[in-house]
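Residues: numbered from 1 along the sequence shown. The analysis underlying the following values was restricted to heavy atoms, covering all of them including side chains, and did not include hydrogens, waters or symmetry mates.
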Amino acid sequence: MDSVIDARHVSEPGLVVLDITAADEETALALMDGLQQLWATSGITTIRRDPAQPGVRASVYADIRRTNPGGEVGLAQDMEKQAAK
């Protein structure tokens with residue numbers, strides 16, 4: 001995945017690009033796995049280490065309008081339900 005964000009990545013409400021910085025690869029992998037359990041994401045992406053920076057980095061594209069197949073509610077739908085109460 002290249003690090004350039006273009007208009008299609010955030011072309012409508014609910015589409016996000018998350019830049020992750022973590023202490024180690026295991027932490028970054030655990031976060032990406034958790035995100036894909038909640039929303040439709042680009043999945044487990046390449047983890048990179050920048051020589052002059054601490055930790056590791058990754059980027060994930062997510063559609064928070066679409067929930068996981070297990071039926072858990074995504075952030076956007078949950079907020080709408082709470083606002084309707």
Please report the interatomic distance [atom1]([X]) to [atom2]([Y]), rounded to the nearest 0.5 Å.
X: Trp39; Y: Leu18; atom1: CH2; atom2: CG; answer: 7.0 Å
X: Arg48; Y: Gln53; atom1: CZ; atom2: CD; answer: 11.0 Å
X: Glu26; Y: Asp33; atom1: CD; atom2: CG; answer: 13.5 Å

Those residues at least two apart in sequence (or on a different chain) that pass salt bridge (Lys or Arg N to Asp or Glu O under 4.0 Å) with Asp63 are Arg65
Query - Arg57: salt bridge (Lys or Arg N to Asp or Glu O under 4.0 Å) partners, not counting sequence neighbours - result: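 Only Asp50 meet the salt bridge (Lys or Arg N to Asp or Glu O under 4.0 Å) criterion with Arg57.
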Original post:
Do Thr21 and Val56 come within less than 4.5 Å of each other through their side chains, counting heavy atoms only?
Top reply: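 The answer is no, as the side chains (C-beta and beyond) never meet within the 4.5 Å cut-off.
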Worksheet item: Side chains of Met32 and Ser59: closer than 4.5 Å at any heavy-atom pair?
Response: no
If you compare all heavy atoms of [X] against all heavy atoms of [Y], which two are closest, and at what distance to 0.1 Å?
X: Ala28; Y: Ala22; value: N-CB, 3.8 Å
X: Ala58; Y: Thr46; value: CB-O, 3.7 Å
X: Thr41; Y: Leu35; value: CG2-O, 3.7 Å

With side chain to side chain contact (heavy atoms under 4.5 Å, CB included) as the criterion, how do Ile20 and Val60 come out once you've worked through the C-alpha distance, each side chain's angles and the decisive distance to 0.1 Å?
CA-CA 8 Å; Ile20 299 166; Val60 175; 3.7 Å; yes
Residues which pass side chain to side chain donor-acceptor pair (under 3.5 Å) with Thr27, listed by chain and number, not counting sequence neighbours: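 Partners of Thr27 under the side chain to side chain donor-acceptor pair (under 3.5 Å) test: Asp24.
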Please check if the side chain of Ser42 supplies one atom and the backbone of Tyr61 the other of a donor-acceptor pair under 3.5 Å.
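Checking the backbone N and O of Tyr61 against the side chain of Ser42, a donor-acceptor pair under 3.5 Å is found.
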